[in-house]
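For reference, the structure is listed below as structure tokens.
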Protein chains: 2
Amino acid sequence: MGITKTQIFTDKQNDLAQVFKVLGHPARVSILQYISNQNACICNDLVAEIGLAQATISQHLKELKSIGLLNGEVEGKSMCYCINVKRWTEIQSQLNSFFNTTKSNCC
Amino acid sequence: MGITKTQIFTDKQNDLAQVFKVLGHPARVSILQYISNQNACICNDLVAEIGLAQATISQHLKELKSIGLLNGEVEGKSMCYCINVKRWTEIQSQLNSFFNTTKSNCC
DNA sequence: TTTTATTATCGTAATATTGCAATATTAAAA
DNA sequence: TTTTAATATTGCAATATTACGATAATAAAA
């Protein structure tokens, strides 16, 4: 079928998986790292920096925004994206909580 | 085109994204949580527990194995899966390192 | 040895994702 | 106002993922 059966999982499981999923693409990892390495906001140096078309970068930015990881601010005719620190920390906690709670047993 | 351009990213970025990607499905999150909640190894109670077909569960287990997160042991006619604690901790560190390194600037 | 139970693999259908060219949209600059 | 630059959106082709039935493989039980 091809469609994920989200109904059979809890909201927490779906949310967590969604966060993992959005982070699960090298372009998006790369975008986050690049933004963080700059001292100022990044606009679309990203297109030059990462070797993907403008439309593709824009799409990846959209997905990062969808989980609240990026703030975008209009700055003249360009966009200034930066990491939403509050959300960033929140997600880090969420993942650590998952890792700490899901402990191993057996074998 | 539909194919991820892994060549333009570093190995580290690709590895990290791959880990995120494997964790980015609610069934796999759920499988990990279920295995961890049992005191003994799980075999295919998973099929009964999670509402997915046996073939589908088997496929998800395979992906979790692909990043070294699960150990499988033959136990009679069933399989006993458990979390590879060493790898688990390793991945948790890797993710935390990413989160800590990728700090915010700007805005 | 035959049956039964458990798991893995194969083939396939449905859907999602990735990537890009083309085209909007927006706002500054001329 | 027209042009220009930056970003977003649309439409599409290629590929990947999800899910499952059918079937193979394996090992215990009968």
Side-chain angles (χ1 to χ4, degrees), chain A residues 1-9 13-14 17-31 34-35 40-67 70-82 107, chain B residues 1-9 13-14 17-31 34-35 40-67 70-82 107:
Chain A
M1 285 150 206
I3 189 166
T4 297
K5 291 189 156 178
T6 49
Q7 343 81 262
I8 66 176
F9 304 105
Q13 286 169 335
N14 285 316
Q18 184 57 28
V19 167
F20 277 129
K21 189 176 178 184
V22 169
L23 294 172
H25 191 289
R28 295 193 283 269
V29 166
S30 175
I31 286 172
Y34 185 72
I35 290 182
C41 270
I42 303 309
C43 316
N44 259 27
D45 314 329
L46 284 170
V47 177
E49 189 64 23
I50 302 175
L52 291 170
Q54 184 268 321
T56 309
I57 295 288
S58 192
Q59 208 173 274
H60 284 303
L61 287 169
K62 195 175 170 186
E63 294 197 59
L64 289 168
K65 272 184 283 179
S66 80
I67 56 166
L70 291 184
N71 289 331
E73 230 174 71
V74 178
E75 188 141 310
K77 40 187 171 183
S78 25
M79 280 296 287
C80 165
Y81 281 113
C82 59
C107 286
Chain B
M1 283 155 204
I3 188 166
T4 298
K5 291 190 158 179
T6 50
Q7 343 82 262
I8 66 175
F9 304 105
Q13 287 168 335
N14 285 316
Q18 184 56 31
V19 167
F20 277 128
K21 191 174 175 184
V22 168
L23 293 172
H25 192 289
R28 295 192 284 270
V29 165
S30 175
I31 286 171
Y34 185 71
I35 290 182
C41 270
I42 303 311
C43 313
N44 260 23
D45 313 330
L46 284 170
V47 177
E49 189 65 21
I50 303 175
L52 291 171
Q54 183 269 321
T56 308
I57 294 288
S58 192
Q59 208 172 273
H60 284 303
L61 288 168
K62 195 177 173 185
E63 295 196 60
L64 288 168
K65 273 185 280 181
S66 79
I67 57 165
L70 291 185
N71 288 331
E73 230 175 71
V74 178
E75 189 141 309
K77 41 187 170 184
S78 26
M79 282 294 289
C80 165
Y81 281 112
C82 59
C107 291

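This structure is a prediction, so every number in the text was calculated from the model and none was measured. Numbers restart at 1 for each chain; the letters A, B, ... are given by sequence-line order, proteins then strands.
Taking atom NE2 of His25(A) as the reference point, atom C1' of dA16(D) lies 11 Å away to the nearest angstrom. When the C1' atom of dT17(D) is taken as reference, atom CD of Gln18(B) falls 12 Å away, rounded to whole Å. Rounded to a whole Å, the CD1 atom of Ile50(B) is 13 Å from the P atom of dT7(C). Nucleotide dT18(D) holds its P atom 11 Å from the CD1 atom of Ile31(B), rounded to whole Å. Separating the CD atom of Gln7(B) from the P atom of dT18(C) is a distance of 15 Å, rounded to the nearest angstrom. For the pair Leu46(A) CG and dA8(D) C1', the interatomic distance rounds to 15 Å; values are reported in whole Å. Between Asp45(B) atom CG and dT6(C) atom P the separation is 10 Å, expressed in whole Å. Nucleotide dT7(D) holds its P atom 11 Å from the NZ atom of Lys65(A), rounded to whole Å.
Between Ala27(B) and Leu52(B), the shortest heavy-atom distance links the atoms CB-CD1, 3.8 Å. Here the closest non-hydrogen pair linking Phe9(B) and Pro26(A) is CD1-CB, 3.5 Å. The shortest non-hydrogen separation linking Cys82(A) to Ile35(A) is CA-CG2, 4.0 Å. Shortest non-hydrogen contact noted between Ala53(A) and Val47(A) is C-CG1, 4.5 Å. Residues Asn14(B) and Thr6(B) approach most closely at ND2-O, 3.0 Å, considering heavy atoms.
Judged by closest nucleotide on DNA chain D, Met79(A) is the one of Met79(A) and Arg28(B) placed further toward the 5' end. The residue among Ser78(A) and Gly51(B) whose nearest nucleotide of DNA chain D is located toward the 5' end is Ser78(A).
The shortest side-chain heavy-atom distance between Gln59(B) and Lys62(B) does not fall under the 4.5 Å cut-off.
Here the CG atom belonging to Leu46(B) is positioned 12.5 Å from the OG1 atom belonging to Thr56(B), to the nearest 0.5 angstrom. Note that CD1 of Ile50(B) is 12.0 Å distant from NZ of Lys5(A), once rounded to the nearest 0.5 Å. Atom CG of Leu70(A) and atom CG of Leu61(A) lie 6.5 Å apart (nearest 0.5 Å).
Remark on the helix from dT1(C)-dA30(D) to dA30(C)-dT1(D): inter-end axis angle 10°, axes from five-pair C1' superpositions, rounded to 10°.
Under 4.0 angstrom from either OP1 or OP2 of dA6(D) there lies no side-chain N or O belonging to Tyr81(A). For Lys21(B) and dT17(D), the shortest distance from a side-chain N or O to OP1 or OP2 is below 4.0 Å.
Not a single donor-acceptor pair under 3.5 Å links the side chain of Arg28(B) to the backbone N or O of Leu64(B). Between the side chain of Ser66(B) and the backbone N or O of Glu63(B) there is at least one donor-acceptor pair closer than 3.5 Å.
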Could you write nucleotides 21-30 of chain D as a row of B, S and -, 5' to 3', where a protein heavy atom under 4.0 Å of any base atom gives B, of only sugar-phosphate atoms gives S, and otherwise -? B-----SS--
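Classified by interplanar angle (parallel below 30°, tilted 30° to 60°, perpendicular above 60°), the ring pair His25(B)/His60(B) is tilted.
Within residues 57-64 of chain B, the residues having any heavy atom closer than 4.0 Å to DNA chain D are, in order of number, Gln59(B), His60(B), Glu63(B).
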